[in-house]
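Excluded from the calculations below are hydrogen atoms, water molecules and symmetry mates; all remaining heavy atoms, backbone and side chain alike, are included. Chain letters run A, B, ... following the sequence lines, proteins first, then strands; residues in each count from 1.
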Amino acid sequence: MYEPIDPMVELPKLEHEILDFWRRIKAFEKRRKLNEGKPPWSFIDGPITANNPMGVHHAWGRTYKDLWQRYKAMRGYEIRYQNGFDCQGLWVEVEVEKELGFKSKRDIEAYGIAEFVKRCKQRVLRYAAKQTEQSIRLGMWMDWDDPDELRKLADALEEPMKETVFKSARGPVRGTAEEIVGRLGSPEMGGSYFTMSDENNYCIWMLLKKCHERGWIYKGEDVMPWCPRCGTALSEHEIVTEGYKELTHLSLYVEFPLRNREGSLLIWTTTPWTLTSNVAVAVHPDLTYVKVRFNDKVYYVAKGALQRVFPKGGYEILEELKGRDMEGWSYEGPYDHLEAPKKAGAPEAHRVILWKEVVETEGTGLVHIAPGCGREDLQLGREYGLPIIAPLDEMGVFLKGFGWLSGMHVYDTAEPIAEDLKKRGLLFRSEWYTHRYPVCWRCGSELVFRLVEEWFIRMGEKLNKPFEELTPEEKERNLRYQIMESAMQVRWIPEFGLARELDWLRNMEDWMISKKRYWGLALPIWECPKCGWFTVIGSKEELREKAVEGWEIFEGHSPHRPYIDAVKIRCERCGALASRIPDVGNPWLDAGIVAFSTLQYRHNREYWRRWFPADFITECFIGQFRNWFYAMLAMSTILERTTPFKVCLGHGLVLDEQGREMHKSWGNVIWFDEAVERMGADVMRWIYCRTKPEDDVRFGYGIAEEVKRRFFIPLLNLHNFFSIYANLDKWTPDQRAERLSLLDRWILSRLNRLVKVVTQALDDYDAYTASREIERFVDELSKWYVRRSRRRFWKSEADEDKRAAYSTLYTCLKTLLLLLAPFTPFITEALYQRLVRRAEPDAPESIHLNDWPEPREELIDEGLMEDMEMAMKVSSLGRAARSSGGIKLRQPLQEAVVVADPETLKHLRPLMDLIRDELNVKRVRLTEDRRTLIRLRAKPIPKLLGRKYGALYPKVAEAVKALSEEEIERLRRGEAITLEVEGKTVELRPEEVEIREEPREGYVLADELGIIVGVYTELTEELRYEGLARDIVRRIQALRKEADFEIDDRIETYYLGDPELEKAFEVEADYIAAETLSIALHRAEPPEGAYVKEYEIDGRRLKLGLVRIGK
RNA sequence: GGGCCCGUAGCUUAGCCUGGUUAAAGCGCUCGGCUGAUAACCGAGAGAUCAAGAGUUCAAAUCUCUUCGGGCCCA
């Protein structure tokens, strides 16, 4: 017995049953076993940060990941199924700080780095467990760790050096908790990879050492946005997210007196504290500057800034000059008398430099440059070889050497500095100024720009020429261009991905890999405090060899702070003890190495070669061009000078239903757990699959409801329709038919084309086309094939045609389920169990253990599909015609006429029966002759004819109206015709009549694209009773359903009512009885216990009573 | 400042790469119809100067350029 499914079933509930089922039969394990040793299809999972529960936006990429893994599995490829968790970095630190109520780095150090790092690891494990559960819920088949085991491991980490047992995906593992955490995802343990694993960290060491060997690692200074409260630099990324506020600051116009010439440069700044570190003044080479006299003093400002600087006028222009004319002018800085600037050589360095970024729409058109306090300033300073002054310490307090400012906090210095300058006659003016200013995303403090020492990987020069013109030597020298070569080996989807990646690579600065924090990759750089020598250690073994101190403290621990910091080595230059730099690594190093660390690059090169490069990766592309995609490409290029992935599918953002980004603070976030339990994972997955990946998708419950209604419910209904009737007829797949109807051949043709198209689309990593094609097919299967075939399933005898119908529909449903299985794994499993597993005892026990269907080319009949398209078009026109004539479809009509060109008619000829049934007419006529449906009428134009014939006009008009169609046709061709009116010969000219087309008597028409369909609306007695009979049948059917009779219950029908209706019962008795399974029709009061209802049909009353007899 | 994506009906989208009938769907609204698989469906009506302008072409929503608007990435 096939098992119908309630179309109103709660999909989430069904999905939980399926999850249990999979678990019970070990479906995933069986799939893996089936594909073992087959050709590999390599997918590398971009690690998700295990720091919070996953959101619905993660589900998009994860749907893709699962879709293609499932698809490739059905195609018979071996797959690694390794999920990844990103573990290290500031994101986790911030959350742990919140958990612990910390406010700054000092709190962490007071708490103890070891404890803090432990908390970070625990958090990662707990959220990895959570995300594992959520991913399983989404339907992802991966080599998962048991979430409960991960949680237990997190708990065990309380005592990191204590022995414990972890039930890994490959069986129990014994060791200290810390040791086990370091081995997660290893070949012997299976499960997800964790970027905090020892192997991942040591792999990066290997990579960094290789960079160092090529001279690409260096320590540099950079000016970074810095939070004085948290004591840390923030990356550009952290500021962009939500890091700007409207703030009002005191801005100053300051005079810089010129040396060796009259007057002062006038500069403007919103950060007075940076004046202490001024080194130069920048002007635009091409802007016009003016020398002006104002209140007896002489100033230089940009011409375009005059209005702003002297709003009340009163100045006198003495001279105009270009910025470039001022280059090299020397001036006195405002704080040249302080010790630190003096020591740095600032007073001697002061001069005017040229900079193309200077504008005259803000300030004075002269920009004060302090290379220690601004990123662009620093760059300029480097170009011009200027000294650098960095005035602030970690907490934002002025260092020694700045006179009265030393010891003051930067936040408190604006007004004192203004006072000070005023006293010394250097302050031209001050004013409050409101602008968007970066703040710390954690504590809201205003950021300052601070010079810090960081470590970098050199990207190489930016050569100002097209890629094609680069010489091999230039590429060899510059990592940047090598990575570009790797990027060009990738197939980017969408295609503009390459352009974005190359743009990033062309412009990116050296890669800053350090961060002054605690939880992350321990950068393997050991530096000598005495002489500045440094080296990069490439492995744990190398460190052991070189260690001269502290190894015993480190031994047994993961390569993280603080234990790794205990290990000292000998400086190779001066022999002093060298320590590891305290910095941790950029987290994108962690994620970027996974094409090596997870594929056993260091220990099993053969395995690595089998799985590298990945055939496919997919992630949300917003931001990843400079993050994961970049890091993967960079690291693979460094190690192997090739791309680590062949195809990169990027997708857009998940927005709310109004098209806004989801933000916690806006209250429009949809949580994954809630969404999946409300709409179901399949619906969520289908929403993502049917979206163009390059666009953003709108996501919400309204959209889910629509997707469910338009796609899932029809699918369930198709299944139910088949199940109900196949059960009644006890049809099984072995009951095949020799001969298929045209309709069967058509839908099988459509089906096989669908298989072909979906296969091609998925091979092309195009879920969008695949899902849209599937939707179209379901629509046609439901709205055309089943609708037109319904009666074939209803008839009582099980003949050849009926078997053909069952056979065809079963094939369609089964194949459709297989095609859909990778997209919507739950519902397809549910239906497969209810359909295929009932029909075919040998079928694999889960749909996901099946092979992917092969298209049967020989069944694809392009001609037939074209014919059918035409028949659908004509049917639609016929229905429109009936509708415009106000004739309901239930009323049979005598005929429908189709007028069209011979080509169209050729298409329609084989399908006339179908059209006849669909339009409920007795016959269909096809013709090329328009006049079958249209008659021409001539109307006299009184204005012309009246004037011409005077009193005779009424008779002429009559004659015109009576013209034959042949005569009108001649007029239409432009010929004049002659008429006899009252014995007179009248010449009628074409312009004297208006010719109209009218439907022929009795027909209503609809037309489109040159096809006209007309139905003849005159009813014969016979047709009228047939129509009434159909109305009656429908009422009886409705009543049967209301009475909850089984579909195959026999009944007796009692009727009384209007004589016309009673007569219809008599005339159409056989028809009515057969349609309603009535063994008898009685014109009588229904007996006691009958199910009774009164109806009105076309204003006539009818009382019906049904009595159930049984089967 | 540089790079990229997107502007089609009230809303959500298709079509654009590969130019060619009267720009296609869904939602919503109005009216009518069908229904023993369907909480579905079918038909009609209303609703689009395809962001604007220019160019190429016999022909432009589609190709090119410019402008405007929205967004993203990088400075």
Side-chain angles (χ1 to χ4, degrees), chain A residues 4-8 236-237 240 356-357 359 375-376 379 494-509 621-627 650 652-653 655 657-661 690-692 694-698 700 702-703 705-726 728 768 772 775-776 779 782-784 786-787 789-790 793-794 809 875-891 918 920 1006-1010 1030-1031 1033-1034 1036-1049 1075-1077:
Chain A
I5 187 164
D6 176 5
M8 282 299 102
E236 203 60 39
H237 178 81
V240 167
K356 291 233 163 91
E357 302 298 314
V359 294
R375 180 164 273 181
E376 289 162 316
Q379 233 166 43
E495 275 175 56
F496 61 73
L498 177 63
R500 285 204 188 172
E501 190 62 55
L502 292 181
D503 181 55
W504 162 253
L505 287 168
R506 219 176 344 255
N507 296 309
M508 83 166 289
E509 305 296 323
F621 62 51
I622 309 299
Q624 296 304 345
F625 293 105
R626 71 194 154 97
N627 292 333
L653 294 173
L655 308 175
E657 273 180 322
Q658 277 70 48
R660 299 179 309 162
E661 283 187 45
R690 67 190 302 290
T691 298
K692 276 188 198 169
E694 67 266 35
D695 290 346
D696 296 339
V697 65
R698 296 185 184 217
I703 288 159
E705 208 34 59
E706 191 183 328
V707 164
K708 183 177 163 191
R709 200 165 46 78
R710 299 214 328 119
F711 182 65
F712 285 82
I713 292 187
L715 191 66
L716 297 182
N717 286 327
L718 279 167
H719 168 84
N720 285 345
F721 175 81
F722 174 87
S723 304
I724 290 168
Y725 287 100
L728 289 176
Y768 170 77
R772 298 274 168 147
E775 284 185 351
R776 229 180 86 195
D779 208 52
S782 159
K783 288 192 203 149
W784 191 251
V786 170
R787 186 146 63 89
S789 299
R790 238 183 316 202
F793 295 93
W794 288 348
L809 185 52
S875 301
S876 155
L877 282 172
R879 284 193 301 264
R882 291 188 67 119
S883 170
S884 71
I887 304 154
K888 47 190 172 188
L889 204 42
R890 216 182 286 132
Q891 175 62 56
E918 176 68 18
N920 194 17
D1007 73 294
E1008 201 182 318
L1009 304 175
R1030 289 191 62 164
D1031 265 324
V1033 166
R1034 160 155 153 55
I1036 298 176
Q1037 304 288 37
L1039 198 50
R1040 282 183 63 117
K1041 201 175 184 180
E1042 251 182 71
D1044 259 344
F1045 294 174
E1046 296 289 313
I1047 285 177
D1048 51 348
D1049 276 338
E1075 288 291 309
T1076 60
L1077 299 184

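As judged by a 4.0 angstrom heavy-atom cut-off over every strand, A:Phe722 is placed among residues making no nucleic acid contact. Backbone-only engagement by A:Glu706 is indicated by non-hydrogen atom pairs under 4.0 Å involving sugar-phosphate atoms exclusively. Residue A:Glu705 is out of contact with every strand shown, counting any heavy-atom pair closer than 4.0 Å. Here A:Phe496 lies in heavy-atom contact (under 4.0 Å) with sugar-phosphate atoms only. No contact: A:Thr1076 has no heavy atom under 4.0 Å from any strand. Heavy atoms of A:Ile703 sit nowhere under 4.0 angstrom from any nucleic acid atom.
For the P atom pair drawn from B:C68 and B:C27, the interatomic distance equals 39 Å after rounding to whole Å.
Residue A:Arg1034 places at least one side-chain N or O closer than 4.0 Å to OP1 or OP2 of B:U35. Phosphate contact (OP1/OP2 of B:A40, side-chain N/O of A:Arg709, threshold under 4.0 Å): present. Residue A:Arg790 has a polar side-chain atom (N or O) positioned under 4.0 Å from OP1 or OP2 of B:A37.
Residues passing the ring pair (Phe, Tyr, Trp, His ring centres under 6.0 Å) test with A:Phe711, sequence neighbours excluded: A:Trp686.
Base-pair partner of B:G47: not found among the strands shown (Watson-Crick or G-U wobble, both distances under 3.5 Å).
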Nucleotide N/O to protein N/O under 3.5 Å, stretch nucleotides 13-15 of chain B:
unit_1: B:A14; atom_1: OP1; unit_2: A:Lys692; atom_2: NZ; d: 3.1
unit_1: B:A14; atom_1: O3'; unit_2: A:Tyr768; atom_2: OH; d: 3.4
unit_1: B:G15; atom_1: OP2; unit_2: A:Lys692; atom_2: NZ; d: 2.8

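Closest-nucleotide positions on RNA chain B for A:Glu509 and A:Phe1045 were compared, and the one nearer the 5' end corresponds to A:Phe1045.
Side-chain contact between A:Ser782 and A:Phe721 is absent, with no heavy-atom pair separated by less than 4.5 Å.
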